[in-house]
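This report refers to the structure that appears directly beneath it.
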Amino acid sequence: MDTRLARRLEARFGARLLGPARGHLDETEIRIGPGDVAEVLRALHDEPEFGFRVLADLAGVDTGEVMQVVYHLWAEPTVTRDWLRVIVDGLSRDDPRCPSVTFLWKGAEWPEREAYDMFGIVFEGNRDLRRIYMPPDYTSFPLRKDFYLADDAARSAAEGVRHLEQMATPPEATPPVATRRSKVR
Amino acid sequence: MTRTVSRDDPRVLLESPATIYDAIPPYPPRSEREAEFYALRDGEMLVNLGPQHPSTHGVLRVVLKIDGEQVVDLDPVLGYLHRGIEKLAENADYHQAICYTDPLEYVSSLFNELAPVMAFEKLVEIEVPRRAEYIRILSCELLRIASHGLFTGWLALDLGGYAPILYGFIERDEIVEMLAALTGQRMLFNYMRIGGVNGDLNHEFMSRLGEWMSRAAREIAANQTLLNENEIFVRRTRGLGVIDRETALRLCLTGPALRATGVPYDIRRAHPYSVYPELEFDIPTRDEGDSYARYLLRLDEVKQSLRIIDQCLEQMPDGPCMAKIPRLIRPRPGRAFAAIESPRGQYACYAISDGTDQPFRFRIHDPSFVNLQSVGVLVPGNLIADTMAIMASLDPIMGGVDK
Amino acid sequence: MSVVARSWGHLTPAGKVVVPLLGIVLALGLVAFLGIVTGILPAIGDTVVLTGRRNVGIVRFLVAATAALLASVPIAFINIYLEMKLLAWIALRRGPNRVGPFGTLQSVAHGFKVLAKEDFTPTGADRAVFTIAPVVTFLSVVLAFMVVPFAPGIVGVDMNIAVLFFFAIGGLTVVGLLAGGWASFNKYSLLGGLRSAAQIISYEIPLTLSVVGVVMLAGTMSLHGIVEAQAGHFWNWFVFQQPLGFLVFFLAGTAEGNRTPFDLTEADSEIVAGFATEYSGMRYGFFYFAEYVNLFILSAVTAILFFGGWSAPVEIHQLAAWLGVAVPSFAIDPSQLGIGLLFLLALGPALGTVLCAIPVALLRTDWSLRRALAVGFVLFNVVAGGLVIAWAYLASEVVAGLFWFLGKTFFFVFVFVWMRATLPRVRIDQLMGFAWKWLLPASLFNIFATAAAIVLVNR
């Protein structure tokens, strides 16, 4: 973790950050709410103090309670030698919505489509938000924690399984999702 | 837990199969862009390039909107090779998850394993023996040469040149046989392990490698002359699919495609990992940003890889090639991100642990995926024939794009 | 009825062939007998012969067309085999090596495969045009093949406007390609058909103009006459008087024959297979055959127009006369040998085998006598075959002509295959630009330069 960078981030964004900047090995991590995404990422990208020009990765995460969107950013080694991880925390699982960053990185379009396809996270402002991997008549989101693979689903109640696809959680199916969910934040 | 409702229209269910002359999808447009794309103006027509087409490098389907021979716009349709390895890995333990990544970019499998392994090592916080690090870099750089050799052939094949692909395969075959002696497999090596590698260097590998290294530089240079000064090849690729630095960064391009625009973004130097800080090599860049620059850049990279292999062999330390790790790994809850430079660009793995023996989230960032998306910017305005030249110069591997 | 069926059932497979044949022969014999007896048949025969004599031109044309049709098949097979093998060698592969010795029958196997495949017509295709398109292409190529002289006297039809006929009929291929592309009801086919129309019609112009120089020099449009105008030593070949014309002709011919680097009509990495995408079975086979016969014709016409056709690089009789040596005539009439011929045929092989086996047996003492004899027999065959060929070459003008003509032609076939193995494909705009901006001016310049030279020399 780059403490100098963490201090600069905290000074710049202050109350926008949900909690202090954290980190581990060569990663520095900040958390923001979905409302601040555009502003914070634009500042990180444009301001010469930061200059995170490269979007190394864009991932969706389902912790079981909330949805998250995770950006990994890279800047010149003169700024920091760490990966900067920006976690957009606290998206509701029922209607996850997050602003798109395609205005900064046009190349985020497909990763956002992927996150939508896999998690159902709606990126507002993405012009091309449709499924990218799954067929157009697919209705569920496979990487969500309440989506069971075929062998798990077979153990559950018969309803809901359609072409490896299910609309809702079968009530009987209780693999260790409930216990696994709590520890990830 | 509440019922998840999809935004997708359930009417989308295909009630009647699309007629053969209907390239327009038989359901209402799902996004602004789709509506715009499938609205045809006068004189335009849609052509399906793929999923079975000789030059899409796998099962990619690109809907081309053409006006005569000119491509007006295009819409890549992915997912024909989607295997859901992220979901599978979440239901496997940490060791098993590694081998799911092998078939992603199947022409450079070792790189696919390296990134998750590094991410898991960050989660578990173990020190990898230096000999193992050197073996990893040695085998990866060998595979980089093989992959670039194949790229050259594919590019030529898509331009109608017939011989280079076979020469590329000859070159690749020698390297792959070598790695088969080391790892036991020719294609999906499954060689990297959390904490090291699966086996130490053996005699057959070293003798094959030594024999090959004695003539590699000469042979590779000879193979490259097949295309380098070929007038037709140069005229077909130079000034084609030009992209500038700023646009390339905005498009999230990585690897040779980005370096061909002049941005020296190579993870081996930009965010050094493993033993790269100890090795001496250059990051070749070019300023033209066209297909020809992307091609030449890869040739330069092959030379650098040969340098790296030389140094690896010279500096190879003694010692174990595997750290002591438990059979069942239960990392502490946390997140780890590891990126490496694969032949196609930055290949990254983002892993989240929740304290159990299975990764909670396992995300693969694939360079082919982001590179392929730039065809939407590079191709329009060019001819159908150039679509292939541009796509091949980005070197997408559909196994990686579709995950 | 049941008796007939039962007897038929008792027949062996061979019998099932022989019995109907016997019946047919008997019936024909009866008809012939009755016809001769009543005098109808001789009358018909006389009429046929008379009609043939009166229309000898038409009969010759029909015979020539049939011969060209028949000859085109083995030529296509040889070309296909050569291409497979040469491409393989250039790519460091082995190539076909399973069917027949050194895989020589591979292309025949391909032919049978194509025959046996399902002949598929896509939904929505224009059936009539779809069916007739490959025939048009194939026939136009075969008709062009008819005027190609192989050796003195060995020519389908010796026209005095053969060059014109060749270009006129050769240009018809594009009709078949375009029709096939249109009728397939496939966008790739349509693109391929349009490409072929644009390409072949554009390249037709420099191709034709590049030959005008040759025609002016030879003073005739007959291919026979053009070859005779180049008789003598190799420096009489028109390639040395028309280097530019040759270059333009060869490049335009490559495009005309849809060969790499100008094979845009069936660019497999771009438009799948162009006009041939939807074709399968023998319809595809016709396109395929046409392409390879066309390859042969292009090479042959290149050899005829610019490389002296069947004439040898060095005229032996002239050379001998210059050196002051008399060349003995080898034209022996076998009938003059009389009884000697019988002895030669009876004893020659045996004596030759023994003669060839003696050095083998002496050199390899560890071999058994029988083995030495076997090797001796093979050696004798090689030597005798070589001698016969050498004799035929020296004795017969036709054989010598065929030798040189086929040698030159297959050299150009090799060059075409070589180009295919090494060169990438050009782009459609580069292709058209090349035809109109470079080849056309070059061929026009060639005409003017040749005309000026003729005027200056003849003054």
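All values reported here derive from a predicted model rather than from experimental measurement. Both backbone and side-chain heavy atoms feed into the values below; hydrogens, waters and symmetry mates do not.
- Heavy-atom distances place no part of B:Asn371 under 4.5 Å from chain A, backbone and side chain included.
- Heavy-atom distances place no part of A:Asn126 under 4.5 Å from chain B, backbone and side chain included.
- With chain A as the partner, the residue from B:Arg250, B:Glu125, B:Gln346, B:Glu32 showing the most heavy-atom pairs under 4.5 Å is B:Arg250.
- For A:Tyr133 against B:Asp402, the heavy-atom pair with the smallest separation is CE2-CA, 3.7 Å.
- Looking at B:Glu90 and A:Lys145, a side-chain N of the basic residue comes within less than 4.0 Å of a carboxylate O on the acidic one, giving a salt bridge.
- Within the 4.5 angstrom heavy-atom criterion, atoms from both the backbone and the side chain of A:Ile132 approach chain B.
- Using a 4.0 Å cut-off between a side-chain N of Lys or Arg and a carboxylate O of Asp or Glu, A:Asp62 and B:Arg361 do not qualify as a salt bridge.
- Side-chain N or O atoms of B:Lys87 include one that pairs as donor or acceptor with a backbone N or O of A:Pro142 at under 3.5 Å.
- A salt bridge links A:Glu114 and B:Arg363; the closest N-O separation between the charged side-chain nitrogens and carboxylate oxygens is under 4.0 Å.
- Considering only heavy-atom pairs separated by less than 4.5 Å from chain A, the leading option among B:Thr247, B:Leu251, B:Thr254 is B:Leu251.
- For the options A:His24, A:Lys106, A:His45, A:Glu27, heavy-atom pairs under 4.5 Å to chain B are most numerous at A:Glu27.
- Of the listed residues (A:Leu25, A:Leu104, A:Asp95, A:Asp117), the greatest number of heavy-atom pairs within a distance under 4.5 Å of chain B belongs to A:Leu104.
- A salt bridge links A:Arg130 with B:Glu34: at least one charged nitrogen is closer than 4.0 Å to a carboxylate oxygen.
- Heavy-atom minimum distance, A:Trp105 versus B:Leu249: CD1-O, 3.6 Å.
- Proximity to chain B (any heavy atom under 4.5 Å) is shown, for A:Ala56, by both the backbone and the side chain.
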field: salt bridge (Lys or Arg N to Asp or Glu O under 4.0 Å) evaluation trace for A:Glu109 with B:Arg33
entry: CA-CA 11 Å; A:Glu109 194 174 289; B:Arg33 153 89 184 146; 5.6 Å; no

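- Identified by a heavy-atom distance below 4.5 Å to chain A, the contributing residues of residues 263-275 of chain B are B:Tyr265, B:Ile267, B:Ala270, B:His271, in residue-number order.
- Along residues 73-86 of chain A, the residues that come nearer than 4.5 angstrom to chain B, judged on non-hydrogen atoms, are A:Trp74, A:Pro77, A:Arg81, A:Asp82, A:Trp83, A:Arg85 in order of number.
- Taking the six-membered ring for Trp and thresholds of 30 and 60 degrees, B:Tyr350 and A:His72 have ring planes more than 60 degrees apart, a perpendicular arrangement.
- Contacts of B:Ala336 with chain A are made by both backbone and side-chain atoms, with heavy-atom separations under 4.5 Å.
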